[in-house]
Colleague: 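Right, I'll just put the structure down here and ask away after.
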Amino acid sequence: MVLANLGKRINGAVNNALSNTQDDYATSVDIMLKAIVTALLESDVNIALVSKLRGNIRNKLLDKSAKGNRSMTNAQTKKLIHKTVFEELCDLVDAKETQVFQPKKKKTNVIMFVGLQGSGKTTSCTKLAVYYSKRGFKVGLVCADTFRAGAFDQLKQNAIKARIPFYGSYTETDPAKVAAEGVAKFKKEKFEIIIVDTSGRHRQEEALFQEMIEISHVVKPNQTIMVLDASIGQAAEQQSKAFKESSDFGAIILTKMDGHAKGGGAISAVAATKTPIIFIGTGEHIHDFEKFSPKSFVSKLLGIGDFEGLMEQFQTVSNKEDTQALMENISQGKFTLLDFQKQLQTMMKMGPLSNIAQMIPGMGNIMGQVNEEEASRSMKKIVYILDSMNKKELESDGKIFIEQPSRMVRVAKGSGTSIIDVENVLMQQQTMARMAQTVKQSSAGGKPGMPGMPNMPGMPNISPQMMQQAQQKLRQNPGMMQNMMNMFGGPGGAGGMPGMGAGGMPDMNQMMKMMQDPQMQQMAKQFGMGM
Ligand SMILES: Nc1nc2c(ncn2[C@@H]2O[C@H](COP(=O)(O)OP(=O)(O)OP(=O)(O)O)[C@@H](O)[C@H]2O)c(=O)[nH]1
């Protein structure tokens with residue numbers, strides 16, 4: 001991810017602070033600040049912002065209470081340093097002054113996209129449409145890009161894939177006219193969110209800004225979003241200022257955060273325009289889209305994890321009916337091969353394993369040692385096996401294959417795998433079915449809940465306080481963290497292959513063990529889950 005290296009360096013500087021017992025406190029703080037400042041500047045963060053951050057951290061850490069408080073233990077001082085650096089980094093990416101627009105249900109909310117050519121506008125329009133559609137809004141997409149040949153086709157293809165209604169024209173050349181017609185059509189049909197994609201140019205040109213103003217006049221957007229490519233470095237600041245003057249956008253979507261660009265320039269744009277980043281694009285796929293929150297972003301940057309993000313992501317990719325059916329089955333102590341297939345599909349939609357891992361405390365660094373390609377190959381193998389089963393087999397508890405082994409041969413042939421591979425999948429499904437039994441027994445009388453599955457219907461809502469406590473617990477208990485790592489086959493893990501348990505799924509035996517871990521049970525209680 002963009003800035004991953006920055007995160008490692010800041011973390012290193014913070015963790016090394018106070019490690020040299022020869023230095024006094026003030027010297028330690030200055031050494032740490034020098035390392036943080038160098039890392040930020042090398043990542044293209046604006047120099048004025050870095051200097052302000054340095055001053056703020058220094059003041060907070062060396063003020064009378066911190067400096068003069070001799071009763072503070074080394075651990076307490078370290079905690080103070082962590083907290084201060086964390087808060088200041090959050091402030092760096094937080095445009096607190098600006099209220100973020102929230103679309104209202106049963107009303108028409110028009111959202112207009114602006115940005116340079118190739119920044120990721122069309123892709124992000126569709127991603128945002130999917131995001132809101134998953135949250136119950138009636139969403140339509142309008143293509144007001146008549147400048148680039150093929151723009152309408154691109155939006156159309158994306159929209160069809162995402163099952164979002166769309167509007168555009170192959171013949172009309174006036175973008176404002178197409179935009180007005182599209183918005184009017186969707187308004188008439190009582191669409192709640194209408195997203196208007198506009199054209200881009202290679203660079204900031206008078207014609208682009210004039211066109212944006214005209215479209216804006218006719219569609220009267222409730223929110224204008226600027227799409228900014230995270231890889232453009234220092235130019236981001238100047239670009240966003242120019243756009244701000246003509247389109248007065250109220251939010252930013254940062255795209256291509258999955259690349260290796262420095263990304264600090266884009267972050268500086270937030271401060272330059274006092275405009276909040278609302279989402280980040282983390283890949284080309286529709287679901288590679290994360291709600292941006294300063295705390296989540298900095299947590300991930302520093303490898304602390306981001307449960308909130310994990311839950312948001314799950315809500316976007318999961319299918320409500322499937323989830324309900326799964327919970328219904330689990331509450332009855334069942335876990336069919338079809339449940340397994342749906343689970344796997346959801347997991348794969350959540351993006352590369354490294355994306356998921358970054359959201360789990362401590363996992364991000366570990367994933368660096370894992371062969372992601374191999375893990376993904378294994379996962380695909382399971383998908384092929386499950387796809388080769390017929391309806392009766394999928395809806396069964398798997399025993400049908402033991403009774404009629406010829407079915408295993410057929411599935412292995414159909415999926416281009418071996419009988420051992422099919423057996424492995426069946427074994428995993430059986431383990432999960434046993435787990436469902438355990439959940440049923442332990443939650444008898446209560447609501448069913450399953451560890452590792454965020455925001456399921458039937459599970460209590462998890463408050464931010466609970467989340468914080470859980471994160472803290474995970475950080476404080478390396479033993480518990482080791483259990484989580486083992487589950488994914490991390491260092492010391494029991495998984496049959498790097499990165500995953502046997503067959504490419506989290507190791508369910510480890511998961512079972514983890515469920516019996518008293519610390520984990522304690523945490524589960526906090527989450528209100530029966531374990
Ligand atoms: N890796 C990565 N690629 C992205 C992301 N967002 C968009 N892209 C890719 O960037 C390229 C340009 O994206 P578009 O959505 O066509 O950009 P645009 O701003 O609409 O371009 P114009 O219509 O020409 O103005 C496409 O290949 C996208 O797949 C992202 O978050 N990560």
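None of these values were measured; they are calculated from a predicted model. In this chain, numbering begins with 1 at the start of the sequence shown. Numbering of ligands and ligand atoms starts at 1, following listing order.
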Colleague: Under 4.0 Å, counting heavy atoms only: does G115 come that close to any atom of ligand 1?
Modeller: no

Colleague: Please test L155 against T126 for side chain to side chain contact (heavy atoms under 4.5 Å, CB included), starting from the C-alpha separation and ending with a verdict.
Modeller: CA-CA 8 Å; L155 180 129; T126 322; 5.6 Å; no

Colleague: With a 4.0 Å cut-off, would you call E245 and K241 a salt bridge?
Modeller: no

Colleague: Within the 4.0 Å heavy-atom shell around K127, which atoms of ligand 1 are there?
Modeller: 31 (O)

Colleague: Any N or O on T122 sitting closer than 3.5 Å to an N or O of ligand 1?
Modeller: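 So ligand 1 has an N or O lying under 3.5 Å from an N or O of T122.
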
Colleague: Could you list which atoms of ligand 1 come closer than 4.0 Å to a heavy atom of L116?
Modeller: 19 (O)

Colleague: Under a 4.0 angstrom heavy-atom cut-off, which atoms of ligand 1 come close to T123?
Modeller: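 Those of ligand 1 that fall under 4.0 Å from T123 are 7 (C), 13 (O), 14 (P), 15 (O), 28 (C).
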
Colleague: Would you check if the side chain of T275 reaches a backbone N or O of T273 as a donor-acceptor pair within less than 3.5 Å?
Modeller: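 Yes; at least one donor-acceptor contact below 3.5 Å.
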
Colleague: Mark up the atoms of ligand 1 that fall under 4.0 Å of a heavy atom belonging to G120, in ascending order.
Modeller: 7 (C), 13 (O), 14 (P), 15 (O), 17 (O), 18 (P), 19 (O)

Colleague: Counting only heavy atoms closer than 4.0 Å, does ligand 1 sit against the backbone of Q117, its side chain, both, or neither?
Modeller: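 Near ligand 1, Q117 shows its backbone as well as its side chain.
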
Colleague: Test your reading of the structure: does D288 have an N or O sitting under 3.5 Å from an N or O of ligand 1?
Modeller: no

Colleague: Once rounded to the nearest 0.5 Å, what's the spacing between atom CG of D153 and atom OG1 of T122?
Modeller: 11.5 Å

Colleague: If you draw the axis of the six-membered ring of F137, does the NZ or CZ of R135 fall within 45° of it and under 6.0 Å from the ring centre?
Modeller: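 Not satisfied by the 6.0 Å and 45° rule.
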
Colleague: Between F289 and F279, what is the ring plane arrangement, given parallel below 30°, perpendicular above 60°, and tilted in between?
Modeller: parallel

Colleague: Could you see which bit of E290 sits under 4.0 Å from ligand 1, with heavy atoms only: side chain, backbone, both or neither?
Modeller: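 Looking at E290 and ligand 1, no heavy atom falls under 4.0 Å.
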
Colleague: Could you tell me whether a side-chain N or O of K121 sits under 3.5 Å from a main-chain N or O of V114, the two making a donor and an acceptor?
Modeller: no

Colleague: Just which atoms of ligand 1 are under 4.0 Å from any heavy atom in G281?
Modeller: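 Matching atoms, with element in brackets: 31 (O).
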
Colleague: Give the numbers and elements of all ligand 1 atoms closer than 4.0 Å to a heavy atom of R148.
Modeller: 22 (P), 23 (O), 24 (O)

Colleague: Provide the number and element of each atom of ligand 1 under 4.0 Å from a heavy atom of D145.
Modeller: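 In order of numbering, the contacting atoms are 23 (O).
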
Colleague: What atoms of ligand 1 come closer than 4.0 angstrom to any heavy atom of G283?
Modeller: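 Heavy-atom distances to G283 below 4.0 Å select 2 (C), 5 (C), 30 (C), 31 (O), 32 (N).
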
Colleague: When only distance counts, is M257 in polar contact with ligand 1, meaning an N/O pair under 3.5 Å?
Modeller: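 No; every N/O pair is 3.5 Å or more apart.
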
Colleague: Heavy-atom distances under 4.0 Å decide this one: backbone, side chain, both or neither, for V227 against ligand 1?
Modeller: neither

Colleague: Can you tell me how far apart CG (D258) and NZ (K256) are? Round to the nearest 0.5 Å.
Modeller: 9.0 Å

Colleague: Hey, what do you get for CG (L386) to CG (D339), rounding to the nearest 0.5 Å?
Modeller: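 One finds 11.0 Å between CG of L386 and CG of D339.
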
Colleague: For ligand 1, is there an N or O atom under 3.5 Å from any N or O atom of S124?
Modeller: no

Colleague: Under a 3.5 Å threshold, yes or no: a donor from one side chain and an acceptor from the other, between D387 and Q341?
Modeller: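 Q341 and D387 do have a side-chain donor-acceptor pair below 3.5 Å.
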
Colleague: Using a strict 4.0 Å threshold on nitrogen-to-oxygen distance, state whether K185 and E181 make a salt bridge.
Modeller: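 Salt bridge: no.
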
Colleague: So is S199 polar-close to ligand 1, meaning N/O to N/O under 3.5 Å?
Modeller: no

Colleague: How about Y170 and F152: are their ring centroids closer than 6.0 Å?
Modeller: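 Yes, the ring of Y170 comes within the 6.0 Å limit of the ring of F152, centre to centre.
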
Colleague: Between K256, H285, E284, which one has a non-hydrogen atom sitting closest to atom 11 (C) of ligand 1?
Modeller: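 Looking at heavy atoms only, K256 sits closest to atom 11 (C) of ligand 1.
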
Colleague: Has ligand 1 got any nitrogen or oxygen that is less than 3.5 angstrom from a nitrogen or oxygen of T255?
Modeller: no

Colleague: Give yes or no for whether the N/O distance cutoff of 3.5 Å, strictly under, is met between K121 and ligand 1.
Modeller: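 Indeed, backbone or side chain, K121 has an N or O that close.
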
